[in-house]
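These notes concern the structure reproduced below.
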Amino acid sequence: MTTEEKDRIFSSIQDIVNNNPVIVVGCGASMGFGIPGMWDLAEAIKKDFSETPPISEESQNCIKKLIAKLDENVGLEDAMLSLKCTEEVENRIISIVWNEIKPKDSEVFTNIIQSHRRLPLADLLTHLIYNRADTEIGIVTTNYDCLIEYAASQTEAYVNCGCSQSHVGKFIGFDHKNQFTKLKDYEGCVNIYKIHGSLDWFIDDNGKMDCYPNITSIPPQMKPCIITPGTNKYERALEDPHRSLISSVDGLFKEATGYMCIGYGFNDKHIQPNLLKMAIDRNKRILIVTKDLTEKIKSEVIAKAKNYVIVYSDGAQGTKFKSSSETIEIVDETTEYWKLEEFISIIK
């Protein structure tokens, strides 16, 4: 990478970030901290159902088909989209997913406390709110884990996840989010839209949702309020709080100056259709920071969007930069800028 190329590409990235884009965080941002990805969850589901088969014959047939798909190396989401899970199977999968992710999430939280480790996302958020007390940062995520909350809590901002701030939180949405920027002793507000739910959200048999921060097990008579992959995913999205969250995100994307996607592979129909529509129709800029240049990024962003910068791994110890304003890829063989801890040096 020449000095001129570096100046051009870094300047483009700085312009997008410093204009306070909506941040979209995918599972790639969490996997580096040991949070299980789709492959790990698929293995856990196979193991759990092999050891303890479901009760009903319909559920047993459903699981046989699912495991057969997974054994054929079909991805978890695609495998679950290929069949209709019974309620018994869906509830089991929700519990399996929660029990796989929660201990790893707790490990990260404990490590932060014990080592006073600062998460790279905290540095990005601090950069965005520095000396701008009334700044609102919008973060949209499909992740269930709480790493974004941990990072936001390491800043001076007020952290709003859509639930009231108490030991038993109630979902209150984001209609009054602008008021939080005016709270004394806080600098800015980080609004986190967890459209597929959160590890600390639980729902009872009557559909009432509560937030129990840092709880270590699923409460009796309740189930985690998370949307898992599969055909039922779109049915659950029509229920609150997910419906309210997705509606809020649609408005957020509409008003956005641009979009910064971190570890997000453009595989979720609750996010990218509206994001890409806004980006294409209104020529808004998209910045993607990711390890792999996925086929979805190629087909959804590179092939359709007019204004983008993609920062991704060169497969070794460096970084590739692909931009709509550059005729060729720019390669830096010395620094892994696709890792957020290294990416921060571009914008500081």
Practice item. Please determine, by modelled atom types, if D210 and Y212 share a side-chain donor-acceptor pair under 3.5 angstrom. Key: yes
Practice item. For E43, look at atom CD and say whether over 12 heavy atoms of other residues, nucleotides or ligands are found less than 6.0 Å away. Key: yes
Exercise for review: Tell me, with the steps shown, if D123 and H127 meet side-chain contact (heavy atoms from CB on, under 4.5 Å).
Suggested key: CA-CA 6 Å; D123 292 328; H127 172 80; over 6 Å; no
Point to revise | In one Ile/Leu/Val/Met/Phe/Trp/Tyr side-chain cluster, 4.5 Å: I203, I195 | key: no
Check your understanding: If every non-hydrogen atom of L70 is compared with every non-hydrogen atom of L76, which pair is closest and at what distance?
Key -> CD2-CA, 3.9 Å
Check your understanding: Backbone N or O of Q154 within a donor-acceptor pair of the R118 side chain at under 3.5 Å?
Key -> yes
Point to revise | Verdict with supporting geometry, I45 and I93, side-chain contact (heavy atoms from CB on, under 4.5 Å) | key: CA-CA 7 Å; I45 289 169; I93 288 175; 3.9 Å; yes
Review point. Given the rule in the side-chain hydrogen bond (donor to acceptor under 3.5 Å, both in side chains) test, do S11 and D7 qualify, once you have shown the distances and angles that lead to the verdict?
Key: CA-CA 6 Å; S11 178; D7 288 344; over 6 Å; no
Point to revise | Listed partners of E341 passing side-chain contact (heavy atoms from CB on, under 4.5 Å), at least two apart | key: P120, K339
Point to revise | Minimum heavy-atom distance between L125 and A152, given as atom pair plus value | key: CD1-CA, 3.8 Å
Review point. Crowded around E58 CD? As in, over 12 foreign heavy atoms under 6.0 Å?
Key: no
Check your understanding: Does one hydrophobic cluster hold both L340 and L128, with members joined at side-chain heavy-atom distances below 4.5 Å?
Key -> yes
Practice item. Could you grab the distance from atom CG of N143 to atom CD1 of I35, nearest 0.5 Å is fine? Key: 9.0 Å
Check your understanding: Is W39 reachable from M31 through a run of hydrophobic residues whose side-chain heavy atoms are each under 4.5 Å from the next?
Key -> no
**Study point:** Atom pair CH2/CG of W338 and L293 - distance to nearest 0.5 Å
**Key:** 13.5 Å
Point to revise | I310 side chain near L287 side chain, heavy-atom distance below 4.5 Å | key: no
Practice item. Give a yes or no answer on whether the side chain of T257 reaches the backbone of N19 with a donor-acceptor pair at less than 3.5 Å. Key: yes
Check your understanding: Can you check whether T294's main-chain N or O pairs, donor with acceptor, with D292's side chain at less than 3.5 Å?
Key -> no
Review point. More than 12 foreign heavy atoms under 6.0 Å from CD1 of I113: is that the case here?
Key: yes
Check your understanding: Nearest 0.5 Å, what's the CZ-SG distance between F202 and C225?
Key -> 9.5 Å
Under 3.5 Å, which donor-acceptor pairs do the side chains of residues 103-110 form with other protein atoms, sequence neighbours left out?
from	atom 1	to	atom 2	distance (Å)
D105	OD1	Y150	OH	2.5
D105	OD2	C146	N	2.8
S106	OG	K102	O	3.1
T110	OG1	S106	O	2.9

Review point. Sub-3.5 Å donor-acceptor pair from the side chain of N160 to the main-chain atoms of I192, do we have one?
Key: no
Check your understanding: Hey, mind stepping through D145 and F33 against side-chain contact (heavy atoms from CB on, under 4.5 Å) and telling me if it holds?
Key -> CA-CA 11 Å; D145 63 73; F33 295 90; over 6 Å; no
Review point. How far does CG of N91 sit from OG1 of T228, to the nearest 0.5 angstrom?
Key: 9.0 Å
**Study point:** Short side-chain donor-acceptor distance under 3.5 Å, H196 and H270
**Key:** yes
Review point. Is a side-chain N or O of S299 found less than 3.5 angstrom from the main chain of E295, in a donor-acceptor match?
Key: yes
Practice item. Using the salt bridge (charged side-chain N to carboxylate O under 4.0 Å, His left out) rule, take E300 and K304 through it: C-alpha gap first, then chi angles, then the decisive distance, then the call. Key: CA-CA 6 Å; E300 297 295 317; K304 299 176 182 177; 3.4 Å; yes
Exercise for review: Could you walk me through whether K208 and D204 pass the salt bridge (charged side-chain N to carboxylate O under 4.0 Å, His left out) test, one step at a time?
Suggested key: CA-CA 5 Å; K208 177 175 172 290; D204 64 18; 5.2 Å; no
Exercise for review: Could you tell me whether a side-chain N or O of K322 sits under 3.5 Å from a main-chain N or O of I328, the two making a donor and an acceptor?
Suggested key: no
Practice item. Might you work through the side-chain contact (heavy atoms from CB on, under 4.5 Å) test for V24 and I262, ending with a clear yes or no? Key: CA-CA 6 Å; V24 178; I262 304 171; over 6 Å; no
Check your understanding: Given the rule that I, L, V, M, F, W and Y join up when any side-chain heavy atoms are under 4.5 Å apart, are M222 and I215 in one cluster?
Key -> yes
Check your understanding: Just wondering, do L147 and L121 contact through their side chains at under 4.5 Å, heavy atoms?
Key -> no
Review point. Given side chains that start at C-beta, do those of V97 and Y144 come closer than 4.5 Å, heavy atoms only?
Key: yes
Check your understanding: Any side-chain heavy-atom pair from L276 and F266 closer than 4.5 angstrom?
Key -> yes
Study note, to complete from the structure: Separation between CD1 (I286) and CE (M260), nearest 0.5 Å, reads 13.5 Å
Review point. Would you call the rings of F321 and Y337 parallel, tilted or perpendicular, where under 30° means parallel and over 60° means perpendicular?
Key: tilted
**Study point:** Over all atoms of both residues, closest heavy-atom pair of A256 and K284
**Key:** O-NZ, 2.7 Å
**Study point:** Beyond-backbone contact of M80 with C85, side-chain heavy atoms, under 4.5 angstrom
**Key:** yes
Point to revise | Any donor-acceptor N/O pair, E5 side chain to T2 backbone, under 3.5 Å | key: yes
Check your understanding: Which pair of non-hydrogen atoms, one from V25 and one from A29, has the smallest distance, and what is that distance?
Key -> CG1-CB, 3.6 Å
Check your understanding: If you round to the nearest 0.5 Å, how far is CD of Q317 from CD of E336?
Key -> 5.0 Å
Exercise for review: Indicate whether the side chain of T126 and that of T155 have a donor and an acceptor atom separated by less than 3.5 Å.
Suggested key: no
Exercise for review: Could you tell me whether the side chain of T142 reaches within less than 4.5 Å of the side chain of K194, counting heavy atoms only?
Suggested key: no
Exercise for review: Taking atom CD of E333 as the centre, report whether more than 12 heavy atoms of other residues, nucleotides or ligands fall under 6.0 Å from it.
Suggested key: no
**Study point:** pair T290-C261: side-chain heavy atoms closer than 4.5 Å
**Key:** no
Review point. Are Y158 and E187 close enough, and set up right, to give a side-chain hydrogen bond (donor to acceptor under 3.5 Å, both in side chains), and what steps lead you there?
Key: CA-CA 7 Å; Y158 182 88; E187 187 170 276; over 6 Å; no
**Study point:** Exam field: side chain T86 to backbone V89, donor-acceptor pair closer than 3.5 Å
**Key:** yes
Point to revise | Sidechain-backbone polar pair: T52 side chain, F49 backbone, donor-acceptor under 3.5 Å | key: no
Review point. Which heavy-atom pair separates P54 from I63 by the least distance, and what is that distance?
Key: CG-CG1, 4.0 Å
Check your understanding: Would you say the side-chain atoms of K223 pair up with the backbone N or O of S95, donor to acceptor, closer than 3.5 Å?
Key -> no
Practice item. Flag the pair F253 / V22 as yes when at least one side-chain heavy-atom distance between them is below 4.5 Å, and no otherwise. Key: yes
Review point. Is any side-chain N of the basic residue among E88 and R92 closer than 4.0 Å to the acidic one's carboxylate O?
Key: no
Review point. Have K46 and S50 got a donor and an acceptor in their side chains that come within less than 3.5 Å?
Key: no
Check your understanding: With no hydrogens and no angle check, do the side chains of N267 and E77 hold a donor and an acceptor under 3.5 Å apart?
Key -> no
Point to revise | ILVMFWY network linking L245 to V140, side-chain heavy atoms under 4.5 angstrom | key: yes
